[in-house]
Amino acid sequence: MINKNYDLLGEQLAESGLEMSIDLFTGIAAGASIIGGIFGSSQADSANRQAEKNYKMQRKAAQKVADKTNEYNKKAHAVDIQNYQNNREYDHETNLAKWRYQTEIQDLQYKAVIEQYGKSVENTESRLTYNSIAAMQAYESEQSALNDILTEDTFSRQGVLVDQLQNEGRVALGQAGNSRTKALQSSIAALGRNSAIMDASLSSSVEQSQRNLRQIGLQRYAADVNAKAQMMIRPTKTPTAPIPTQAPERIFIEPMEVFPEAIQAPIRQSTSAPLVSGFISGAGQIAGGIQSTYQSPIPQIGQQSRAVAAGWPGNQNY
């Protein structure tokens with residue numbers, strides 16, 4: 001009678017020692033593969049979380065740098081504008097101060113020149129006055145000399161006339177007839193000669209006096225010309241420089257906004273791939289263990305006889 005609960009495979013495995021081997025090593029290997037897949041999935045998930053964390057931190061840092069840069073650019077732009085305005089006002093005030101100073105210097109210089117010109121005019125007028133007085137004195141001296149000559153001539157003529165009358169009286173008293181007549185004629189002739197000599201001398205003296213007077217006039221004219229030539233030319237005030245004006249304001253351009261640096265997103269590792277790979281590997285190992293078990297050699301004759309004795313059907317028909 002056949003034992004339907006007879007387990008030939010278990011018997012064979014038990015006898016050959018393979019049943020424990022398949023269960024132990026295949027299970028360990030398959031479990032290791034599955035555990036490895038789970039561990040790999042966990043590592044991939046951890047790596048993904050760390051990469052995402054790093055990515056967010058990098059983006060945050062890039063945004064912070066961009067914000068700080070934009071803030072600095074705005075402050076620097078505002079400072080540039082303020083510095084420009086300050087320098088513009090300073091330059092304008094400096095130019096105005098220089099203009100006022102130069103104008104004051106110009107006025108002082110013109111005032112000094114006017115004073116010099118006034119002094120020169122005063123000196124020239126004094127010189128002309130001196131020339132006039134000197135000429136008048138020269139005229140008076142020359143006129144006085146001419147008057148002396150005229151007075152002397154008058155007295156000389158009176159003396160000659162008196163001498164002539166005295167001679168005529170003496171002639172009339174001391175002589176008579178033709179001798180007296182000749183003596184009178186000779187006396188009259190002498191008077192005529194003397195008068196002619198005196199007239200010529202007087203005329204020469206008057207002409208010389210007139211020449212002297214003309215010379216005095218020429219000398220005064222030359223002295224006046226020299227005095228006027230030495231007088232300063234009336235100064236002319238130079239035009240005042242135009243008041244400085246401010247240059248047109250510079251046009252400023254707002255600084256361009258800085259955007260955060262582009263951060264490449266992390267490449268995510270697959271968390272299911274290690275699991276699938278581990279399960280596939282474990283299943284393969286189990287399948288391989290089962291296949292190798294079923295492909296074990298057929299039991300030897302002695303073993304087969306014991307199997308038959310134990311109730312193995314062998315070639316019996318059921």
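Heavy-atom neighbours of Tyr221 OH from other residues, nucleotides or ligands within 6.0 Å: at or below the threshold of 12. Heavy-atom contacts from other residues, nucleotides or ligands closer than 6.0 Å to CD1 of Ile233 number 12 or fewer. Within a 6.0 Å sphere centred on OH of Tyr72, heavy atoms belonging to other residues, nucleotides or ligands number 12 at most. Summarising the local packing, CZ of Arg59 is surrounded by 12 or fewer heavy atoms from other residues, nucleotides or ligands at distances under 6.0 Å. In the displayed structure, Arg234 atom CZ is contacted under 6.0 Å by at most 12 heavy atoms of other residues, nucleotides or ligands.
For Gln230 and Asn226, the side-chain atoms include no donor-acceptor pair closer than 3.5 Å. Glu261 and Gln58 are not linked by any side-chain donor-acceptor pair at a separation below 3.5 angstrom, with hydrogens and angles left out of the test. With hydrogens and angles left out, the side-chain atoms of Glu249 and Gln85 include a donor and acceptor closer than 3.5 Å. Between the side chains of Thr238 and Gln106, at least one donor-acceptor pair of N or O atoms lies under 3.5 Å. With hydrogens and angles left out, the side-chain atoms of Glu52 and Asn48 include no donor and acceptor closer than 3.5 Å.
Every residue was checked against the side chain to side chain donor-acceptor pair (under 3.5 Å) condition with Arg127, not counting sequence neighbours, and none meets it. Take Lys68 and apply the side chain to side chain donor-acceptor pair (under 3.5 Å) test, not counting sequence neighbours, and it matches no residue.
Taken from CD in Glu207 to CG in Asn212, the straight-line distance is 12.0 Å, to the nearest 0.5 Å. Note that CD of Gln116 and CG of Asn123 are 11.5 Å apart. Values are rounded to the nearest 0.5 Å. Once rounded to the nearest 0.5 Å, the distance linking CG of Leu213 with OH of Tyr139 reads 6.5 Å. Note that the CG atom of Leu96 and the OG1 atom of Thr245 stand 9.5 Å from one another [nearest 0.5 Å]. Annotation: the span from Ser46 atom OG to Lys53 atom NZ amounts to 10.5 Å, rounded to 0.5 Å. Separating the CG atom in Asp148 from the CD atom in Gln143 is a distance of 10.0 Å, to the nearest 0.5 Å.
Nearest heavy atom pair, residue Pro235 against residue Val113, reads CB-CG1, 3.3 Å. In this structure, Ala66 and Phe259 approach most closely via the heavy-atom pair CB-C, 3.8 Å. Minimum heavy-atom separation, Pro248 to Tyr84: O-OH, 3.4 Å. Phe252 and His77 get closest at one heavy-atom pair: CB-CE1, 3.6 Å.
Between the side chain of Ser141 and the main chain of Gln137, a donor-acceptor pair closer than 3.5 Å is present. A donor-acceptor contact shorter than 3.5 Å links the side chain of Thr124 to the backbone of Ser120. Judged by distance alone, the side chain of Arg250 and the main-chain N or O of Ile81 form no donor-acceptor pair under 3.5 Å.
Side-chain contact check for Ser209 versus Ile149: every heavy-atom pair is 4.5 Å or farther apart. In this structure, the side chains of Met57 and Lys60 stay at 4.5 Å or more apart for every pair of heavy atoms. Looking at Asp107 and Lys111, their side chains never come closer than 4.5 Å, going by heavy atoms from C-beta outward. Within the 4.5 Å cutoff, the side chain of Gln246 has no heavy atoms near those of the Asn95 side chain.
Tyr130 and Ile133 end up in different hydrophobic clusters when Ile, Leu, Val, Met, Phe, Trp and Tyr side chains are linked at under 4.5 Å. Under the 4.5 Å side-chain heavy-atom criterion for ILVMFWY residues, no single connected hydrophobic cluster contains both Ile216 and Leu146.
For the pair Glu115 and Lys119, the salt-bridge criterion is not met [side-chain N within less than 4.0 Å of a carboxylate O]. Asp224 and Arg220 are joined by a salt bridge, as a carboxylate oxygen and a charged side-chain nitrogen come within less than 4.0 angstrom of each other.
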